[in-house]
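I have placed the structure first, in the form of structure tokens, so that the comments after it can refer back to it.
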There are 2 protein chains.
Amino acid sequence: MSPRHSAAEAARTRERIVRAAVLDASLLGLEGLTVGALAQRLGMSKAGLVGPFGSRERLLMAALDQACEIFRAAVTGPLEGLPPGPERLGRLIDGWVEYLADCPFPGGCFITAATSELDGRPGPLRDRLREIVASNRGALAAEVAAAQTALPGPHRPAAEVASTLMGLSMAANQEIQLLDDPSAAARARDAMRHAAGLLGSS
Amino acid sequence: MSPRHSAAEAARTRERIVRAAVLDASLLGLEGLTVGALAQRLGMSKAGLVGPFGSRERLLMAALDQACEIFRAAVTGPLEGLPPGPERLGRLIDGWVEYLADCPFPGGCFITAATSELDGRPGPLRDRLREIVASNRGALAAEVAAAQTALPGPHRPAAEVASTLMGLSMAANQEIQLLDDPSAAARARDAMRHAAGLLGSS
DNA sequence: CCTACCGATCGGTAGG
DNA sequence: CCTACCGATCGGTAGG
């Protein structure tokens, strides 16, 4: 006979809380998330909500990690098995733009928003985000470098192309989330493919 | 004989409050600014701090407008009198990168941070920010189009180049504020000049 | 997982 | 511009 509260049940509760925390933090920011409001929305007490994490800050950390996981599942997950090269980089760009245009986060790219919110606030959350962003940037520069070896030169420095692609994703996010510009996604796709060297010079 | 509290004195007080509010909001976000903490830092009462504005939200609006003014004074102000064209666009890029590298806001570009914070929160602050960003984007696209007429073609669409420049500024801001990357400014300058068509294809 | 509570702080206002 | 106060809410904890 299983206990009233099995470990699997506790894990499900935890996951349910984290999922709701990600949605709240996407709209209100990590700092704007309050345990009282989140508990009320889930029909739980504040103690029951924070309990599985120990503190609000560790709940925020779990939400940040979950957001990173959602990003990876949407953008880089579908590339698994494809060999590095122009084809893979092109698909990465398409998936990235699709992620921005039909975003799993209601408030737009979670990582971009967290960057602006946390970059001036020293602490564990900022440290973790810095790791996440540095890792994503490094992986992106490697994708660019791999594609360049199969494309005719000369090439821009891979780090510069990676910066351009990161920036274009942030610009598209702003155009979609703040400016409600319906042409943002198509423009971002063209600009990113061009910056990556995947389009002719025409 | 002047009254104890002249209009000029009131204006100075107001300006002093707005200046401090911009600094606080740059580090904590507009939502993170609290009138109690700001009043204590200025040695004032909460009522005295909010009084000249009527409410906290109108103080935030004044801070947003002031931040926009600071950005313009730093980046587009020095271009006054220069005719549109490649020379002017190049100087704009240089001033923009300099603004990001040696930023008048302690937490990095105020407008970029406000975008991420406000884009999911309907209200007067979001509406005002949207006007500011749309205006800046439009002016930038016009600068690009003017420069292109004096440069050998073919050209990328001006709106696409404007998106790329906006994005590169955001990427550089992230690299400077979150990643502490000392090569960010030089890379951003090269990438922006290249995106603007101001560099050869070498 | 809950109730019940802690001290602190929130934005705002009355009255001067 | 101040003091003194309002009701509401904050994150957290004790005890079960």
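All values below come from the heavy atoms of this structure, side chains included, with hydrogens, waters and symmetry mates left out. Labels below follow one simple rule: chain letters A, B, ... track the order of the sequence lines, proteins then strands, and each chain is numbered from 1.
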What residues from residues 12-37 of chain A pass a heavy-atom cutoff of under 4.0 Å to DNA chain D? A/L33, A/T34, A/V35, A/G36
Donor-acceptor pair, distance only, cut-off 3.5 Å: does the side chain of B/T115 make one with the backbone of B/I111? yes
Counting distance only, does the side-chain N/O of B/E117 pair as donor-acceptor with the main-chain N or O of B/E31 below 3.5 Å? yes
Tell me every residue that passes ring-ring contact (aromatic ring centres under 6.0 Å, His included) with A/F53, counting only those two or more places apart in sequence or in another chain. none
Can you check whether B/R72's main-chain N or O pairs, donor with acceptor, with B/T76's side chain at less than 3.5 Å? yes
Atom pair distance, as rounded to whole Å: CG in A/L60 and P in D/dG11: 9 Å
Give the rounded distance in Å between these two atoms: CZ of A/R56 and P of D/dT9. 17 Å
Could you check whether any side-chain N or O of A/T13 sits under 3.5 Å from a backbone N or O of A/E9, counting only pairs where one atom can act as donor and the other as acceptor? yes
Using Watson-Crick or G-U wobble geometry with both distances under 3.5 Å, which nucleotide pairs with D/dC10? C/dG7
How close or far is atom P of D/dG12 from atom CD of A/E57, stated in whole angstroms? 9 Å
Would you jot down, in residue-number order, the residues of residues 38-52 of chain A having a non-hydrogen atom under 4.0 Å from DNA chain D? A/K46, A/A47
For D/dG16, which nucleotide is its Watson-Crick or G-U wobble mate, given both distances must be under 3.5 Å? C/dC1
Distance-only check: which donor-acceptor pairs under 3.5 Å involve side-chain atoms of residues 138-148 of chain B, not counting sequence neighbours?
from: B/E143; atom 1: OE1; to: B/R88; atom 2: NE; distance (Å): 3.0
from: B/E143; atom 1: OE2; to: B/R88; atom 2: NE; distance (Å): 3.0
from: B/E143; atom 1: OE2; to: B/R88; atom 2: NH2; distance (Å): 2.8
from: B/Q148; atom 1: NE2; to: B/R156; atom 2: O; distance (Å): 3.0

For B/A74, all residues meeting side chain to side chain contact (heavy atoms under 4.5 Å, CB included), sequence neighbours excluded: B/Y99
According to the salt bridge (charged side-chain N to carboxylate O under 4.0 Å, His left out) rule, which pairs have a member within residues 165-178 of chain B, sequence neighbours left out? A/R137-B/E175, B/E175-B/R187
